[in-house]
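What follows is one structure encoded as C-alpha cells, with my remarks underneath.
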Amino acid sequence: MFVKHTEKLPRAFYQRNTLQVARDLLGTYLVRRLPSGEILRGRIVETEAYAGIYDPASHTYRDRRTERNEIWYGEGGFAYVYQIYGLYFCLGLITEPPSVPGAVLIRAVELLSGRQALSTNGESAPEAMALSGVQRGDGPSKLCLAMQIDRRCNGLDLCGDELFLEVGDTPCQFADVVFTPRINIDYAGAGALSYWRYYLRGSPAVSKKTYEPLRA
DNA sequence: AAAATGATCAAG
DNA sequence: TTGATCATTTTA
C-alpha cells in the first residue's frame, strides 16, 4: 500500500493501545524542527511500551499521579520528556485516550537530517553523517542529544510543528519486528519479564542487539 | 566496574 | 527536609 512519505501521524494514531502503538511506530520518522527552522529526522527502529497503572516499570504504576506524570492522564499524542541520572533526557510519546495512562519510550532512531540530505556530495547518507560529526541515535538519550530534544520539549503536541512523526516510506513487516524484554528495569520485578521492547530486525542503530530469538 | 549528576518522590 | 532512586552513557 502506498503512503505519502510526508504525511503526519494524526492524534488518533496515538490514542490506541500502548503496545499496538509501540509496534506501529517502528519505521516511522521522528521529525524535530529546531528554533532555527532546521529540520532533523530519525527513523524509529526501537521502542518500548509502558502500559500504565498495572505496569511496575511505568511512571504511573499503581495510578500514582504526580506533577511530572500528569501528562500521562491526558489524551495521547503529546511528548513526555524527562531527565534521567541527572545527565540525560528520554523521549516518551503519550498514548491512549484521556484518563488512560500509557506511553512509548523511543529507544533508537536511524539518524538523517535535512542538512545532511542537502549537503551530500556523492556520499551515502551514513557517510555524510559521519563526516559532519553528527551523533548517533542508538540509545534513548543519545537520540535526544542528536535531535536536540530536552526538557523544553516536554508537553509538546505531536500534532504541532516542533516535534512530530511522519509515516514511514517502508511498511513495517510484522515478521521483521523483534520482541524482547525491556532494558534496565530490574526494579520492576516480574514486570521486567514482559516482552514490550520492539525493534526492527537487523537495524544498525538498535541499542542492544543481544537478543533476537523471537519471530512473530 | 563505576563515575558523572540532578530532578523526583516518598518517607520521616 | 532528606535520602534513595533512577526507562543512561562513557570511561577505564
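This structure is a prediction, so every number in the text was calculated from the model and none was measured.
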Original post:
Which string of ( ) [ ] | and . matches DNA chain B, if you list each base 5' to 3' and count Watson-Crick or G-U pairs only when both distances are under 3.5 Å?
Top reply: ||||.||||||.
Subject >> Between B:dA3 and C:dA4 - P atom distance, rounded Å >> reply: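 Their P atoms lie roughly 16 Å apart.
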Subject >> Closest contact, heavy atoms only, A:T18 versus A:G102 >> reply: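 Answer, listing the atom of A:T18 first, then A:G102: OG1-CA, 3.7 Å.
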Original post:
Looking only at heavy atoms, which two atoms of A:A205 and A:D138 are closest? And how far apart?
Top reply: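 That would be O-CB, 2.9 Å.
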Could you go through nucleotides 10-12 of chain B and list every protein N or O atom that sits under 3.5 Å from one of its N or O atoms, giving the distance for each pair?
unit_1	atom_1	unit_2	atom_2	d
B:dA10	OP1	A:R64	NE	3.4

**OP:** Measure from NZ or CZ of A:R16 to the centre of the six-membered ring of A:F13, then state whether that distance is under 6.0 Å and the direction lies within 45° of the axis.
**Re:**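 Yes; both conditions hold, so A:R16 lies above the ring face of A:F13.
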Subject >> Residue A:R152 excluded, over 12 heavy atoms near CZ under 6.0 Å >> reply: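 No, because the 6.0 Å sphere around CZ of A:R152 holds 12 heavy atoms or fewer from other groups.
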Does a donor on one side chain and an acceptor on the other come within less than 3.5 Å for [X] and [Y]?
| X | Y | result |
| --- | --- | --- |
| A:D63 | A:Y73 | yes |
| A:S203 | A:E46 | no |
| A:R32 | A:Q148 | no |

**OP:** State plainly whether one hydrophobic cluster holds both A:Y88 and A:L93, where clusters connect Ile, Leu, Val, Met, Phe, Trp and Tyr through side-chain heavy atoms under 4.5 angstrom apart.
**Re:**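 Cluster IDs for A:Y88 and A:L93 differ.
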Subject >> Heavy-atom side-chain proximity of A:I94 to A:Y14 below 4.5 angstrom >> reply: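 A side-chain contact is absent here, since even the closest heavy-atom pair is not under 4.5 Å.
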Subject >> A:L165 and A:I44, any side-chain heavy atoms less than 4.5 Å apart >> reply: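 Counting from C-beta outward, A:I44 and A:L165 do come under 4.5 Å.
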**OP:** Produce a footprint string for nucleotides 2-12 of chain C: one letter per nucleotide, 5' end first; B if the base is under 4.0 Å from any protein heavy atom, S if only the sugar-phosphate is, - if neither.
**Re:** ----BBBBS--
